[in-house]
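For reference, positions follow the sequence shown, starting with 1. Please read all numbers here as calculations on a predicted model, not as lab measurements.
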Amino acid sequence: MSRQVLILGGSGFVGRSLAARLARAGDWQIRIPSRRPARARALSVLPGVRLQQADVHDPAELERLVEGCDAVVNLVAILHGSRAQFERVHVQLPGLIARACERAGVPRLIHVSALGVPLGAGGAPLGVADSAPSDYLRSKARGEERLRQAALALTVLRPSVIFGAEDRFLNLFAALQAAFPCMPLAGAKARFQPVWVEDVAEAIQRCLSEPSTSGQTIECAGPKVWTLRQIVRAAGAWSGHPRPIVPLPDALGRLQAVLLGLLPGEPLMSVDNLASMRVPNIASGRLPGLERLGIQPAALESVMPAVLRRGQ
């Protein structure tokens with residue numbers, strides 16, 4: 001009999017890759033809640049996938065969703081928002097998930113957090129409120145704390161920036177360089193260790209199948225450290241639209257982030273994003289990595305040139 005897994009955030013970038021991977025394996029029945037299931041209709045054709053209309057922030061609905069599940073995966077996250085919005089998504093929701101899983105007796109929870117969360121003994125967050133420079137990282141750390149306080153078989157994955165065919169990172173920088181003659185860039189020296197979306201999805205899949213990963217925090221990072229400037233330059237070159245990159249000093253970079261944050265819609269960058277980039281988004285070396293799961297991570301340069309060329 002197939003096991004039941006609930007993927008919160010299953011219609012997102014990582015969630016779609018994970019759902020496809022689990023559907024191919026055929027050993028999980030997959031529940032994916034969404035407030036707008038019509039937007040995730042493409043997932044419904046995958047074998048074993050069932051879309052359900054639900055608001056995961058509603059405690060009663062969340063308890064209904066986890067009932068009968070053998071595992072829950074939490075991928076719900078935001079990159080932009082107010083302090084209250086970060087608190088709601090990254091702290092309050094994990095608390096609701098923990099409570100629902102405890103009440104329903106769900107034996108397994110995989111939580112996707114982020115690199116840059118301050119480390120303590122055993123990988124637990126340390127000095128959360130004081131040591132993290134941004135609302136994003138502070139809320140991510142508090143969310144981990146909420147989950148660790150629960151009586152759950154918990155695995156935390158901390159990925160670096162995630163790349164892939166549908167990412168909003170390299171594809172965005174490629175599109176900007178196609179549209180503009182140069183790239184003024186805040187945070188040009190910020191360091192990342194980009195990881196492929198398929199490697200993150202495989203890591204989640206393996207954690208679901210390996211009880212020995214319970215209680216662990218695993219860093220998901222690619223094989224190479226890049227500066228933001230190097231990533232942007234590569235995106236331009238691979239897409240056929242290389243542009244001069246103009247690194248901005250801190251004051252101008254902050255001004256750029258403020259102005260971008262005032263534009264309608266989801267901002268390209270915010271002041272909080274800029275603050276997050278003060279922490280290197282790279283593996284600490286103090287926690288197990290993808291190798292712990294038998295995964296040899298793909299390099300950015302082995303995946304994205306072909307992806308960005310197709311987008312020309």
Atom pair [atom1]/[atom2] of [X] and [Y] - distance to nearest 0.5 Å:
X	Y	atom1	atom2	value
L259	R254	CG	CZ	11.5 Å
Q85	S139	CD	OG	11.0 Å
I218	L290	CD1	CG	8.0 Å
L208	I7	CG	CD1	8.0 Å
I204	S209	CD1	OG	12.0 Å
D135	D272	CG	CG	4.5 Å

hydrophobic_cluster_shared for [Y] and [X], side chain cutoff 4.5 Å:
X	Y	answer
F13	L172	yes
V246	M277	no
L46	V14	yes
L268	I231	yes
L185	F180	yes

[Y] side chain reached by [X] side chain, heavy atoms, under 4.5 Å:
X	Y	answer
K189	L228	no
T155	R108	yes
V279	P133	yes
W28	Q205	no
R233	P242	no
P33	L6	yes
Q256	L260	yes
Q29	V5	no

Write down the atom of [X], the atom of [Y], and the distance for their closest heavy-atom approach.
X	Y	value
H80	F86	C-CZ, 3.9 Å
L308	A174	CD2-CB, 4.1 Å
G164	V197	CA-CG1, 4.2 Å
G222	Q193	O-NE2, 2.9 Å
P288	R292	CB-CB, 3.7 Å
G9	V76	N-CG2, 3.6 Å

**Study point:** Verdict with supporting geometry, S34 and L51, side chain to side chain contact (heavy atoms under 4.5 Å, CB included)
**Key:** CA-CA 7 Å; S34 174; L51 295 176; 5.7 Å; no
Check your understanding: Would you say the side-chain atoms of S214 pair up with the backbone N or O of P211, donor to acceptor, closer than 3.5 Å?
Key -> no
Exercise for review: Kindly write out the residues that satisfy side chain to side chain contact (heavy atoms under 4.5 Å, CB included) with R24, not counting sequence neighbours, or none if the list is empty.
Suggested key: A20, R21
Point to revise | Those residues that, when tested against A298, pass side chain to side chain contact (heavy atoms under 4.5 Å, CB included) (two or more places apart) | key: W196, D199, S302, V303
Ignoring hydrogens and geometry beyond distance, is a side-chain donor-acceptor pair present between [X] and [Y] at under 3.5 Å?
X	Y	result
R31	Q52	no
T217	R148	yes
R36	S11	no
N273	S270	yes

Check your understanding: Looking at R206 and E202, does any basic side-chain N land under 4.0 Å from a carboxylate oxygen?
Key -> yes
Review point. Can we say R286 and E219 salt-bridge, meaning some charged N sits less than 4.0 Å from an Asp/Glu carboxylate O?
Key: no
Revision key, fill the gap. Apart from V225 itself, members of its ILVMFWY cluster (side-chain separation under 4.5 Å) are I282
Check your understanding: Taking L8 as the fixed residue, which of I32, L93, V72 is the one that meets the side chain to side chain contact (heavy atoms under 4.5 Å, CB included) rule?
Key -> V72
Check your understanding: F163 and M304: side chain to side chain contact (heavy atoms under 4.5 Å, CB included), yes or no, with the steps?
Key -> CA-CA 8 Å; F163 67 86; M304 292 308 291; 3.7 Å; yes
Check your understanding: What side chain to side chain donor-acceptor pair (under 3.5 Å) pairs are there with at least one residue in residues 171-188, not counting sequence neighbours?
Key -> D167-N171
Study note, to complete from the structure: residues 53-70 vs side chain to side chain donor-acceptor pair (under 3.5 Å), sequence neighbours excluded, gives E63-R103
**Study point:** L300 and K224: CA distance, side-chain angles, deciding distance, side chain to side chain contact (heavy atoms under 4.5 Å, CB included) verdict
**Key:** CA-CA 8 Å; L300 184 69; K224 180 178 174 181; over 6 Å; no
Check your understanding: Would you say the ring centroid of Y136 lies under 6.0 angstrom from that of H90?
Key -> yes
Exercise for review: Show your reasoning for whether side chain to side chain contact (heavy atoms under 4.5 Å, CB included) applies to L79 and R168.
Suggested key: CA-CA 11 Å; L79 286 174; R168 296 182 182 177; over 6 Å; no
Which atom pairs, donor and acceptor, lie under 3.5 Å between side-chain atoms of residues 111-119 and protein residues at least two apart or in another chain?
unit_1	atom_1	unit_2	atom_2	d
H111	ND1	N74	ND2	3.1
S113	OG	E144	OE2	2.6

